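All chains are named by letter (A, B, ...) in the order of the sequence lines, taking the proteins before the strands, and each is independently numbered beginning at 1. Computed over heavy atoms, backbone and side chain alike; hydrogens, waters and symmetry mates excluded. This is a predicted model, so every value here is computed, not measured.
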Amino acid sequence: MVNITLPDGSVRQYEQGITPLDVAKSISEGLARNVLAAKVNGKVVELYRPIEQDAAVQLLTWNDEEGKEVFWHTSAHLLASAIEELYPGAKFGIGPAIETGFYYDIDFGEQTVSSDDFPKIEKKIAELVSAKIPVVRREVTKAEALDFFGKKGDEYKLELISELEDGTISFYESGKFTDLCRGPHLVDFSPIKALKIINLAGAYWRGDEKRKQLTRIYAVSFPKKKELDEYLVMLEEAKKRDHRKLGKELELFMFSEMVGKGLPIWLPKGTELRLRLQNFLTKIQKQYGYQQVITPHIGGKQLYVTSGHWDHYGADSFRPITTPEEGEEYLLKPMNCPHHCMVYKDSPRSYKELPLRFAEFGTVYRYEQSGELHGLTRVRSFTQDDAHIFCRPDQVKQEFIRVMEIIEIIFKALSFENFEAQISLRDPNNREKYVGSDENWEKAEQAIIEACKEKNLPAKVEYGEAAFYGPKLDFMVKDAIGRRWQLGTIQVDYNLPERFDLEYIGSDNQKHRPVMIHRAPFGSMERFVAVLIEHTGGKFPLWLTPEQFVILPVSEKFEDKAKELLNTLDNMELRGSIDLRSEKIGRKIRDAELKKTPFMLIVGEKEVNEGTVSVRRHGVGDLGSMSVEQFAKTINDEIKNLLER
RNA sequence: GCCGUUGUAGCUCAGUGGUAGAGCACUUCCUUGGUAAGGAAGGGGUCACGAGUUCAACUCUCGUCAAUGGCUCCA
């Protein structure tokens with residue numbers, strides 16, 4: 001008998017050699033139907049792998065990330081099986097699961113594949129699924145493996161096999177298709193009820209542009225048709241929310257070929273919105289003890305040689321700017337931190353002054369590869385809501401907590417209800433590649449972990465993800481349609497204080513090195529606004545939106561009344577405009593709805609007589625008539641609710 | 001940067017080897033209308049840019065630029 005410990009801590013006894021599937025059956029029929037794979041003593045395996053010893057077993061379903069991964073990985077094999085039948089001679093690279101779905105890199109040789117072929121492939125896949133083809137694991141020797149793919153002439157698999165140790169190689173067979181694979185997999189293809197090929201793209205073998213380009217087929221699959229449909233609806237919704245499209249429609253920003261690619265231009269409405277965000281953060285930062293500074297957009301090359309950025313990135317940056325007479329060299333500022341180090345160095349610092357917090361909406365310029373540019377999310381000029389905190393090592397935790405509070409306030413004010421953090425720490429096996437003392441790292445890493453605990457922030461720890469100069473904490477938000485974006489960041493830096501020889505006089509009257517913390521709650525104004533556009537679908541929170549209301553006079557007769565009303569609301573610090581076109585009211589309402597203006601104020605005979613306004617809410621409809629004061633209160637209350645919770 | 005795709009009016013897009021069209025937007029006029037499109041007339045394009053082929057190029061070919069889907073990169 002073997003003792004199986006389930007995740008809830010309960011222990012069950014089974015015959016030796018029992019399979020996870022039998023365990024699932026013994027628990028409930030429903031579980032047996034839905035279980036995809038099992039985690040036995042921390043290792044994910046197939047449901048048919050016998051359990052020979054006492055073990056901790058977790059049954060994985062679609063609700064587990066690891067269950068999804070197995071599901072998608074098997075789907076990749078399913079896709080490959082279909083491709084092999086339809087395109088004999090196709091050679092296969094790798095086919096992993098990704099965050100949503102999976103892909104397979106395939107060399108089609110002389111054959112070509114286009115999106116027109118998707119239905120054909122999907123049809124073949126459906127046939128394979130209904131045939132309930134089992135996916136069978138077989139362990140093979142290296143010689144066998146090489147022989148098999150040698151005969152098949154698949155040089156990609158041969159290359160992969162040549163890098164594997166003998167004795168660790170396994171094949172998975174599904175019908176006529178055999179693939180080199182570590183697994184694990186579903187028992188057969190039948191749970192894959194819905195599969196959709198999403199797109200085709202070129203991808204270099206092993207990501208190396210010097211090597212052959214394969215055709216990458218991206219696809220997703222689900223256990224239920226309904227889930228696929230929902231996913232496709234989400235993709236449609238994402239398309240509608242695309243910030244590039246909405247940015248144009250709402251006249252927030254633009255690009256000009258003459259100004260240059262990747263150099264966004266903020267239009268008046270976008271600028272208003274951005275300034276409102278900046279003012280909001282500035283106000284909070286003031287409360288949190290930050291001091292604003294302003295530094296130039298260029299900096300002497302030596303500044304960046306000292307900081308180390310020139311060595312690291314200089315070769316792939318915008319070329320230095322030179323002067324005609326003195327032969328000086330300046331760099332377009334790629335980072336604000338060296339400038340802020342100069343601010344720190346401006347006078348001798350005492351431990352009593354620390355922490356010092358210098359904030360700047362600093363515009364930086366980075367040469368991003370042209371193929372990487374994307375809307376506002378990847379640009380060559382962007383403005384960081386940057387600040388650098390200079391503190392003593394023992395203040396790191398407290399400073400992290402304070403920054404986390406700022407980030408929390410901001411996310412809440414913008415209705416990002418779902419956010420989590422990633423803690424990036426050193427690679428424990430590779431400590432020599434980091435700068436700074438072991439002791440300081442240890443302290444800072446602990447400080448970050450404890451800060452997250454104290455703030456009750458769900459955080460995932462990633463080892464080896466830290467920058468060479470210090471550990472960091474990144475914030476991820478989940479937007480309204482479930483996509484994850486990385487936004488704010490807090491990073492410890494042991495490198496720059498060293499390089500710029502920053503110091504303070506401690507209570508012991510000795511010189512000490514301060515710790516520097518970089519932080520940007522928004523990340524960059526460009527990227528943040530892009531995410532905000534996609535999160536809200538262009539329906540910005542009331543406090544932020546460029547236009548809170550539009551006044552719609554029923555006819556020209558009420559123009560004066562409308563102007564008077566605008567003036568009143570203007571004095572109440574509400575913002576909006578009047579639609580003075582000689583259009584019917586229905587038309588004006590339609591246009592205002594399409595522009596996503598939050599409130600429409602209809603002014604006609606009735607309102608003039610009663611001294612009220614008739615209020616209509618975007619996406620909701622007629623709210624009836626009320627006094628101007630009441631309307632102002634409605635707006636202000638809503639703003640207050642969002643900003644002051 | 002590399003590979004693929006795309007580039008026609010402010011926007012969304014149709015179209016052809018014989019020098020261009022729709023809807024929306026815009027302008028003017030008519031209409032003064034009560035909760036998602038009132039009517040009429042009009043203006044607007046070197047068909048991304050540059051070469052080549054051709055009697056003739058917006059259309060075919062090549063190059064450049066930009067956008068876009070990926071790959072690589074991201075202080």
Please determine which of A:His340, A:His339, A:Lys333 meets the side chain to side chain donor-acceptor pair (under 3.5 Å) test together with A:Asn336. A:Lys333
Check every strand shown and say whether A:Glu583 touches a base, only sugar-phosphate, or nothing at a heavy-atom separation below 4.0 Å. base
Counting any heavy atom closer than 4.0 Å, what does A:Glu257 reach on the DNA or RNA strands: base, sugar-phosphate only, or nothing? sugar-phosphate
Using the 3.5 Å cut-off, write out each protein N or O paired with an N or O of nucleotides 26-31 of chain B and the distance between them.
{"residue": "B:rU31", "atom": "O4", "partner": "A:Ser582", "partner atom": "OG", "Å": "3.2"}

Base, sugar-phosphate, or nothing: which does A:Asn199 touch, judged by heavy atoms less than 4.0 Å apart? sugar-phosphate
Counting any heavy atom closer than 4.0 Å, what does A:Glu607 reach on the DNA or RNA strands: base, sugar-phosphate only, or nothing? base
Any A:His374 side-chain N or O less than 4.0 Å from OP1/OP2 of B:rG70: no
With a 4.0 Å limit, can you tell me whether A:Arg216 has a side-chain N or O closer than that to the phosphate oxygens OP1/OP2 of B:rC71? yes
Using a 4.0 Å heavy-atom cut-off across all strands, classify A:His309 as base, sugar-phosphate, or nothing. base
B:rC3 OP1/OP2 closer than 4.0 Å to side-chain N/O of A:Lys212: no
Please classify the nucleic acid contact of A:Lys588 as base, sugar-phosphate, or nothing, using heavy-atom distances under 4.0 Å. nothing
Counting the atoms with a prime plus P, OP1 and OP2 as sugar-phosphate, which does A:Ile585 contact under 4.0 Å by heavy atoms, base, sugar-phosphate, or nothing? sugar-phosphate
Could you grab the distance from atom NE2 of A:His73 to atom CD1 of A:Ile98, nearest 0.5 Å is fine? 12.5 Å
Would you say a side-chain N or O of A:Arg244 is under 4.0 Å from OP1 or OP2 of B:rU68? yes
Are A:Arg617 and A:Phe599 in a cation-pi contact, defined as NZ or CZ under 6.0 Å from the six-membered ring centre and within 45° of the axis? yes
Residues within residues 334-345 of chain A bordering RNA chain B, heavy-atom distance below 4.0 Å: A:Pro334, A:Met335
Of A:Tyr330, A:Tyr304, A:Trp310, which is the lone residue that meets side chain to side chain contact (heavy atoms under 4.5 Å, CB included) with A:Pro320? A:Trp310
Could one point to a donor on the side chain of A:Arg378 or the base of B:rC74 with an acceptor on the other under 3.5 Å away? yes
Using a 4.0 Å heavy-atom cut-off across all strands, classify A:Tyr218 as base, sugar-phosphate, or nothing. sugar-phosphate
